[in-house]
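All figures in this text were calculated on a predicted structure; none of them were measured in a lab.
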Amino acid sequence: MISTRLLNSSPKEIVWINSFILSIVTVLLVGVFVTPFYDKYCQAWALVSLIFVLVPLFLFLQSKEITHLTFLPVIALTWTYFLRPYLKSEEVYYPGRFIPNEYIHDMVLFPALGVILLFIGYYISWNSGKVKPISSVSYRFSNNALVRVTYWFIVLSIINMVIYQVFFIQLNTGQLFQIINNSTTILVSLTVLYIYRGGKNKVVVYLASMLIAVELIYSVAQTLSALIVYMLIGGFFVYSLEKKKIPWKMGLLVLLLGFPIYVNRFEHREDASKRWSGESKSDFSLVLNEGINIITNDFSRFYGGDDPSKPQVQEIDRFEATSYLGHLVYIHKFTTIEYKYGSTFLWLPLSILPRVIFPFKPSNNMDTDLAAEYGLRNPNFSSAFNFPQFAEAFINFGFWGIVVWGFFQGFLIKWVFAKVGFLRGDINLLAFINFCYILVNVESNITMVFGVMLQSLVFWWLLSKIVFKVENKLNPTGTI
C-alpha cells in the first residue's frame with residue numbers, strides 16, 4: 001500500500017518525502033559523531049528538532065524555490081542558539097547567569113517543540129497567495145532605471161560613510177535613516193542585479209565596486225562581522241534568484257578568503273573598541289589602512305604559516321542562548337518575579353508610528369530596564385541586552401509560551417515574506433534586503449524584530465508608489 005501511494009505521489013510530494021529522508025539520515029550521522037556533555041534525552045530532542053531545520057535546505061536544493069531558502073536562516077539560527085549547545089562536549093556556561101540543572105530537560109524539550117512549531121507555522125498554517133505584496137511581483141527595472149536607482153544608492157552610501165564612518169555619528173531616527181545605514185548592502189544587491197542583467201555602464205559598476213570594497217575594508221578594521229555577512233547575503237540572494245542556483249564556487253572562495261579574518265577578529269576587537277570610545281585616533285584613512293593590514297597579515301599567517309601561534313578565540317560561545325533561557329528559568333522558578341503575560345508585546349502595534357510624527361510614542365526599554373530587572377544588565381552601564389524571541393516568550397507565558405510563539409513566529413515570517421512577494425519583483429527584493437538583517441536576528445526581542453519589519457514594509461510600500469510614478473514619467477512605455 002505504501003509503495004503504491006509513493007508511486008502515485010506528485011513531484012512536489014516526492015520532493016518533500018526525499019527532504020525528510022535526507023534530513024533524518026543526516027541527523028543520524030550527526031548523532032553518531034557527537035559526544036555531548038548532556039544526557040541522551042537532551043541529545044535526542046536536539047537531534048529531532050534538527051530534522052526540521054534541514055528539511056528547508058533539502059527542499060531548496062531539490063526545487064530551487066526561494067521560499068525555502070529565505071526561511072532557512074531563521075529556523076537554523078533559532079536551533080543554533082537554543083538547541084545546538086546540547087550537542088557540544090562542554091557544559092553550557094556564561095558568567096553571571098545561573099542555569100538550573102533540575103529544569104534542563106524542560107529547557108531542551110520546549111525550545112525543540114518551538115522549532116518544530118516554527119516549521120509548521122511557516123509551511124502549514126495558511127495560504128500565502130491571498131496576501132497582496134507591497135509591489136507587483138512582475139515589476140522589473142529597465143536597465144536605465146536600474147542605473148538611476150544604483151546611482152541613488154551610491155549617493156546614500158557616500159552619505160553613510162561621511163556621517164557614520166568619518167564623523168562616527170550613529171543615526172537612529174527611524175526607517176528613513178535605516179535605508180541609509182543599509183545603503184551599501186542594498187548597493188551590493190543592485191550591482192549584482194545590474195551585472196547579471198547585462199548592464200553596460202562601466203562607470204556605475206566601478207563606482208559601486210569601489211564603495212563596496214571600502215565598506216568591506218572598513219568593516220574588517222572595525223570587526224563588524226555581521227555587516228560583512230549582510231552585504232554578502234544581499235548579493236547571494238540576488239544571484240540565486242537571477243541564476244536559479246546557489247553560487248557554490250563563489251561561496252567557497254569567499255569562505256577561504258574570509259575565514260582567516262573571522263577566526264582572528266578578536267585580536268583586533270580591543271583596538272576597534274578604543275576607536276569607537278575615542279580612546280585612540282579614529283581617522284577614516286587610518287582605519288582603512290588598518291583594515292588592509294588586517295586582511296593581508298591574517299591571510300598570510302593563516303595560510304602561509306608565518307605565525308605558529310594559534311589565533312585567540314573567544315571563550316564564551318556567542319551563538320548560544322541556552323544560558324540566557326536558563327537564567328530566566330532560574331529567576332522565575334526561584335524568585336518572586338512573575339510572568340509578564342504579554343505586556344512586553346504591547347509596543348508592537350505602536351512600532352508602525354514614526355516618532356518624528358508621534359514624539360509621544362513610548363520607548364521600548366526591554367533591552368535596558370527589563371534586562372536590569374532580571375539581573376542581566378548593570379543599570380549603571382550603557383550597554384543593552386536584547387531578549388531572544390524564545391526567551392521573551394518564556395518570561396511572558398512560561399515554557400508553553402515558547403511553543404505557542406514558535407507557531408506564530410513561523411506564521412508572521414510567512415506573512416512578511418508574502419508581503420515582499422517571496423522576493424519576486426525588484427522593489428520587493430530590495431525591501432527584503434533592507435530588513436533581512438533584522439529578520440535573522442533571532443537573538444533580539446519580538447517587538448524589535450517585527451516592529452522594524454512593519455516599519456520597513458510601510459516605508460517600502462510608500463517608496464514603491466513614488467518609484468512607480470517617477471518611472472512612468474521618465475519612461476512612459478513602462479519598466480515592467
Side-chain angles (χ1 to χ4, degrees), residues 15-16 18-27 30 44-87 107-126 128 226 229-230 233 236-237 240 246 318-322 324-325 386-394 401-418 420 422-423 432 435-446 448-450 453:
V15 168
W16 273 88
N18 290 341
S19 297
F20 267 101
I21 293 174
L22 290 169
S23 299
I24 292 171
V25 171
T26 303
V27 165
V30 171
W45 277 110
L47 290 173
V48 168
S49 57
L50 180 58
I51 294 172
F52 295 86
V53 176
L54 294 173
V55 167
L57 172 63
F58 289 117
L59 284 172
F60 173 74
L61 293 176
Q62 293 178 89
S63 67
K64 302 298 188 294
E65 291 183 10
I66 200 69
T67 53
H68 308 305
L69 187 61
T70 50
F71 176 60
L72 179 60
V74 179
I75 192 169
L77 284 171
T78 301
W79 181 88
T80 298
Y81 277 105
F82 286 94
L83 292 155
R84 177 190 59 88
Y86 296 106
L87 299 180
M107 287 170 55
V108 67
L109 169 63
F110 288 96
L113 294 176
V115 167
I116 296 171
L117 266 292
L118 173 60
F119 178 92
I120 293 173
Y122 183 79
Y123 280 110
I124 303 175
S125 58
W126 55 290
S128 60
V229 171
Y230 295 139
I233 285 176
F236 173 83
F237 273 112
S240 299
I246 294 178
R318 292 188 63 196
F319 289 93
E320 69 88 11
T322 302
Y324 208 125
L325 177 61
N386 282 313
F387 282 67
Q389 293 181 45
F390 276 13
E392 183 180 356
F394 172 80
I402 297 174
V403 181
V404 175
W405 171 247
F407 178 83
F408 279 106
Q409 184 183 2
F411 178 94
L412 291 172
I413 288 171
K414 188 174 184 179
W415 179 82
V416 169
F417 286 158
V420 292
F422 290 98
L423 283 63
F432 169 80
F435 65 67
C436 72
Y437 81 98
I438 193 68
L439 175 68
V440 300
N441 197 4
V442 297
E443 57 184 313
S444 290
N445 62 68
I446 293 167
M448 175 179 290
V449 171
F450 287 95
M453 285 194 286

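Pairing each heavy atom of V53 with each of L72, the nearest pair is O-CD1, 3.4 Å. Taking each heavy atom of S23 and F58 in turn, the nearest pair found is OG-CD1, 3.3 Å. Between C436 and I233, the shortest heavy-atom distance links the atoms SG-CG2, 4.2 Å. Closest non-hydrogen pair, P56 versus H68, comes out as O-CB, 3.4 Å. L47 and V30 get closest at one heavy-atom pair: CD2-CG1, 3.9 Å. The shortest non-hydrogen separation linking P85 to T322 is CG-OG1, 3.3 Å.
The aromatic ring centres of F71 and Y123 sit less than 6.0 Å apart. Between F411 and Y122, the distance separating the two ring centers is not shorter than 6.0 angstrom.
Summarising the geometry, atom CH2 belonging to W45 is positioned 14.0 Å from atom CG belonging to L87; distances are rounded to the nearest 0.5 Å. If you take CG on L117 and CD on Q409, they are separated by 11.0 Å, rounding to the nearest 0.5 Å. To the nearest 0.5 angstrom, T70 atom OG1 is 9.5 Å from F60 atom CZ. Residue L113 holds its CG atom at 9.5 Å from CD1 of I402, rounded to the nearest 0.5 Å. Rounding to the nearest 0.5 angstrom, the gap separating the CG atom in L412 from the CH2 atom in W405 is 5.0 Å. Note that CD of E320 and OH of Y81 are 9.5 Å apart. Values are rounded to the nearest 0.5 Å.
Proximity of Q389 to V449: side-chain heavy atoms (C-beta onward) are separated by under 4.5 Å at one or more points. Inter-residue side-chain proximity for T67 and F417 is flagged as unmet; no heavy-atom pair is nearer than 4.5 Å. Residues L118 and F407 are not in side-chain contact: their nearest non-hydrogen atoms beyond the backbone lie 4.5 Å or more apart. You'll find the side chain of F432 stays beyond 4.5 Å of the side chain of F422, heavy atoms only.
Judged by distance alone, the side chain of E392 and the main-chain N or O of P388 form no donor-acceptor pair under 3.5 Å.
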Worksheet entry | F390 and F110: CA distance, side-chain angles, deciding distance, ring-ring contact (aromatic ring centres under 6.0 Å, His included) verdict | CA-CA 10 Å; F390 276 13; F110 288 96; over 10 Å; no
Worksheet item: Step by step, would you call L83 with V108 a side chain to side chain contact (heavy atoms under 4.5 Å, CB included)?
Response: CA-CA 7 Å; L83 292 155; V108 67; 3.7 Å; yes
Item to complete: List the steps, then state whether ring-ring contact (aromatic ring centres under 6.0 Å, His included) holds for Y324 with F82.
Response: CA-CA 9 Å; Y324 208 125; F82 286 94; 8.6 Å; no
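For F20, the CZ atom is densely surrounded, since the number of other residues' heavy atoms within 6.0 Å is greater than 12.
For the side chain to side chain contact (heavy atoms under 4.5 Å, CB included) test, residues two or more places apart in sequence or in another chain that qualify with T80 are R84, F319. In this view, S240 and L69, F236, P247 satisfy the side chain to side chain contact (heavy atoms under 4.5 Å, CB included) rule, not counting sequence neighbours. By the side chain to side chain donor-acceptor pair (under 3.5 Å) test, S49 is found to be paired with W79, residues two or more places apart in sequence or in another chain being considered.
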